[in-house]
Every structure is written in C-alpha cells, then in structure tokens.
Amino acid sequence: MTPSLLILTGAGISAESGLGTFRDTDGIWSKFDWQKLASPDGFADDPVAVHAFYNARRAGLLAARPNAAHDALATLEAAWVRSGGGFLLVTQNIDDLHDRAGSERLIHMHGELLRARCGACGDLRDCRADLSIAMVCSACGREGGLRPHVVWFGEMPLGMEEIYDRLSSVTHFAAIGTSGSVWPAAGFAEEAGRAGAVTYELSMEAGESGHNFQHVLYGPATQSVPNWCETVISEAFAA
Ligand code: BJW
C-alpha cells in the first residue's frame, strides 16, 4: 500500500516563532473574548474592535519567522512525495509560516491572516496592511465590508471535502501543536484511525482527543518534529 500522510497542525507549532497559542494558561483566549472577536456576531456588533485584534496579530506575524518544525515539515513533504507517497498538510493556523518554510500541499482550513475578503461580493485578495471600516472593496465598491479571511466560530472551515477525502485513505496521521478542542479538526484523528492509519500526537501535553492516538511525543515542536520526521519516513517506506 502506498504510504499516504496527512498532518494537522495547530498554534503550538508556531509558538516558538513568537505567535500566541489560544488555550494555554497565557493564551489568546485568556486575554480576549472569542465571542466578541472571533464570531460573525462579534464582527457585526463591533467591527472596529475585531479589526484592531487582527491588525495587531498581522503586524506580529509579519515580524515572525518559520522555525525548525515548519522547516522540517517542508523537507518531509519533498522527501515523501519524491518517494511516491501521498501527502497533505492541513493547518488550523492563519499564519503563513508553513508557506514561507516551503510547504506546498497545504490547506489553511481556518483561513489566512494575510488575505482580506469582501463580505458583500466575496472578492479575495492579499492584505499585509491594517484593515479598517473605512476601506472600500476595489471589486464592488462597497465601504466597510472588508474582513480578515479567517474562519470564525459558527462558520464552515475551508477545504473540508478534500480533507475528508484524504482522511478516508490515509496510512499515517499526525496532529502537531493542537489541543484538539475545536471541531471539525478535533475529529480528524478518529477519522484517520477508522481508515487504519498509524496515528501520532506531537504536543506539549495530551489534547482533548488524546485517546485517539497510538503514539505520543511530548515536548517543544522545534525538537520533537524534526526527530519524528526522520523516523516516520524511514518507517513508512521501509517495507
Ligand atoms: C506546543 C507548544 C510548542 C504549545 N510545541 N506544542 C461539535 C461539538 C461541539 C462544538 C462544535 C462541534 N462542531 C462544531 C462546533 C462549534 C465550534 C467548536 O469546535 N467549538 C468548540 C470550542 C467546542 N466549531 C466551529 O464553529 C467551526 N465550524 C464548524 O464546525 O462549522 C460547521 C461544520 C460542521 C460539520 C463539518 C464541518 C463544519 C469553526 C471553528 C473556527 C475556529 N476559529 C479559530 C479562530 C479564528 C482564527 C484566528 O483568529 O486565529 O481558530 S478558534 C482558534 O482555535 C483558532 C485555532 O485555529 C483553533 C484551534 O486551536 P489550536 O491550534 O488547537 O490551539 P490551542 O491553543 O487550543 O492549542 C495549542 C496546543 O499547542 C496545546 O495543546 C499546547 O500544549 C501546544 N503547544 N506550545 C508544541 N512549543
């Protein structure tokens, strides 16, 4: 059977690049209210506050760099594909650190911070500057409708058809740096296990769906991920 790998990443993989996680003790949701800042209702009630939240995170992202874990996954992808295997990296992160590290078979299931979308016409374009309610969509001319291209609570994550299609036939699955608290991503390990995949969890501690993993490696991603990448490829293509 041709090895097919699906990797799910979360905020923990970018923690050592200086970007915050959400549910750790000093995480983003310990300082900010997700109902006000990461929901369609929150944006409708106070778009100025939502823009300020994402503008600050965009500025932080532009100052950040990919770390050894992002680099190792890009190197793993190239080697895995060269060996003839199937590969898909699914990230819940809205940062572009996997892209900058060189990952290519990549789905941003919760969107991308460096893109803006018009709520009126759906126009999507790159965005590295601050967003504001005074901005006008250059496609439809509407003022005030631009929003970060991110998936808020209650909204449908992106790329789900392709992700579930891959999950139904993967031989290897890994979740890296995610607490497994947010659905539908929290259900991917169980889905992969049902397909018969070998499952790995790499994080600082067991996540909420920890019981779904056969192998666990706890520690900082910059240390655990490069080591795991070397072993998983040699084991998968050993036969
Ligand atoms: C390290 C480390 C280091 C630290 N090295 N590791 C079923 C049951 C109950 C509720 C629901 C349900 N289905 C849907 C829901 C509702 C909701 C949901 O899941 N709510 C839960 C909170 C209960 N889900 C949704 O609304 C989603 N949409 C949806 O379900 O649509 C319907 C649908 C139906 C059927 C099929 C498909 C769809 C949308 C979810 C949108 C999430 N949006 C956010 C914010 C927007 C983006 C942004 O602002 O950045 O996305 S929330 C936030 O959480 C962000 C993240 O992507 C997401 C996941 O967080 P993540 O990455 O796991 O971070 P943490 O902080 O939780 O964990 C970090 C981990 O790293 C920890 O384990 C640390 O230990 C570890 N770590 N340092 C390695 N150095």
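When a ligand or atom number is given, it counts from 1 through the structure's own listing order. Any value given below was found using the heavy atoms of this structure, including those in side chains, with hydrogens, waters and symmetry copies removed.
- Evaluated by nearest non-hydrogen atom to atom 54 (O) of ligand 1, the leading choice among R23, Q92, H108 is R23.
- Of the polar atoms of I94, none of the N or O atoms is found under 3.5 Å from an N or O of ligand 1, judged by distance alone.
- A221 N, 3.6 Å is the protein heavy atom nearest to atom 79 (C) of ligand 1.
- Given atom 20 (N) of ligand 1, the protein heavy atom at minimum distance is F153 CE2, 3.8 Å.
- Not close to ligand 1: G27, with no non-hydrogen atom less than 4.0 angstrom away.
- Side-chain contact check for V232 versus Y200: some heavy-atom pair is nearer than 4.5 Å.
- Looking only at atom types and distance, the side chain of H149 has a donor-acceptor partner in the side chain of R117 under 3.5 Å away.
- Classification of the F22-W29 ring pair by plane angle, with boundaries at 30° and 60°, yields tilted.
- Listed by number with element, the atoms of ligand 1 under 4.0 Å from a non-hydrogen atom of E155 are 27 (C), 28 (N), 29 (C), 31 (O), 39 (C).
- Counting heavy atoms closer than 4.0 Å to ligand 1, residue A11 contributes atoms from both its backbone and its side chain.
- The ligand atoms of ligand 1 that sit less than 4.0 angstrom from a heavy atom of E16 are 3 (C), 5 (N), 80 (N).
- For atom 40 (C) of ligand 1, the nearest non-hydrogen atom from the set V150, D24, V182, I28 comes from V182.
- A salt bridge links R125 with D123; the closest basic N to acidic carboxylate O contact falls under 4.0 Å.
- I94 places none of its side-chain heavy atoms less than 4.5 Å from the side chain of E112.
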Name each donor-acceptor pair under 3.5 Å that joins a side chain in residues 59-70 to protein atoms two or more places apart or in another chain, with its distance.
| from | atom 1 | to | atom 2 | distance (Å) |
| --- | --- | --- | --- | --- |
| N67 | OD1 | A69 | N | 2.7 |
| N67 | OD1 | H70 | N | 3.3 |
| N67 | OD1 | H70 | ND1 | 3.4 |
| N67 | ND2 | I13 | O | 2.8 |
| N67 | ND2 | S17 | OG | 3.2 |
| H70 | ND1 | N67 | N | 3.0 |
| H70 | NE2 | S14 | OG | 3.2 |

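- For atom 17 (C) of ligand 1, the nearest protein heavy atom lies closer than 4.0 Å.
- Side-chain atoms of T178 do not come within 3.5 Å of backbone N or O of G12 as any donor-acceptor pair.
- What sits closest to atom 1 (C) of ligand 1 on the protein, heavy atoms only, is M204 CG, 3.3 Å.
- Close contacts of ligand 1 with G177, meaning ligand atoms under 4.0 Å from a residue heavy atom, involve 6 (N), 69 (C), 70 (C), 71 (O).
- Polar contact check, N93 against ligand 1: no nitrogen or oxygen pair lies under 3.5 Å apart.
- For atom 55 (C) of ligand 1, the nearest non-hydrogen atom from the set Y164, F22, W29, W152 belongs to F22.
- Counting protein heavy atoms only, atom 51 (O) of ligand 1 is closest to H110 ND1, 3.4 Å.
- Counting only heavy atoms from C-beta outward, the side chains of L88 and I7 never approach each other to under 4.5 Å.
- W183 CD1, 4.2 Å is the protein heavy atom nearest to atom 9 (C) of ligand 1.
- Distance check for atom 34 (C) of ligand 1: every protein heavy atom is found at 4.0 Å or beyond.
- The closest approach between a heavy atom of Y54 and any atom of ligand 1 is below 4.0 Å.
- The protein non-hydrogen atom at the shortest distance from atom 32 (C) of ligand 1 is M156 SD, 4.3 Å.
- The nearest protein atom to atom 63 (O) of ligand 1, hydrogens excluded, is given as T178 OG1, 2.7 Å; this is a heavy-atom distance.
- A side-chain donor-acceptor contact under 3.5 Å links T9 and H98.
- The closest side-chain donor-acceptor pair between S4 and T171, if any, does not fall under 3.5 angstrom.
- Under 4.0 Å is where a charged nitrogen must lie from a carboxylate oxygen, and between R147 and E155 at least one such pair does.
- Those atoms of ligand 1 that come under 4.0 Å of a heavy atom in V151, given as number and element, are 41 (C), 42 (C), 43 (N), 46 (C).
- In A69, neither the side chain nor the backbone holds a heavy atom less than 4.0 Å from any atom of ligand 1.
- Below 4.0 Å from some heavy atom of G10 lie the following atoms of ligand 1, by number and element: 62 (O).
- Under the 30°/60° scheme for interplanar angles, the aromatic rings of F43 and W152 are found to be tilted.
- Using modelled atom types, one finds no donor on one side chain facing an acceptor on the other under 3.5 Å when comparing D96 with H108.
- Across all non-hydrogen atoms, the minimal contact from A186 to G180 is CB-O, 3.3 Å.
- We find the CG-OG distance between N55 and S132 to be 8.0 Å, quoted to the nearest 0.5 Å.
- Within the 4.0 Å heavy-atom cutoff, R57 counts among the residues contacting ligand 1.
- Remark: ligand 1 and T21 share no N or O pair separated by less than 3.5 Å (distance only, no angle test).
- Taking atom 67 (O) of ligand 1 as the reference point, the nearest protein heavy-atom neighbour is S179 OG, 2.5 Å.
- Every atom of ligand 1 with a heavy atom of G154 under 4.0 Å away is listed here by number and element: 25 (C), 26 (O).
- By the 6.0 Å contact criterion, CZ on R194 is enclosed, its count of non-hydrogen atoms from other residues, nucleotides or ligands being greater than 12.
- The S181 neighbourhood of ligand 1 comprises atoms 21 (C), 22 (C), 23 (C), with distances under 4.0 Å to a heavy atom of that residue.
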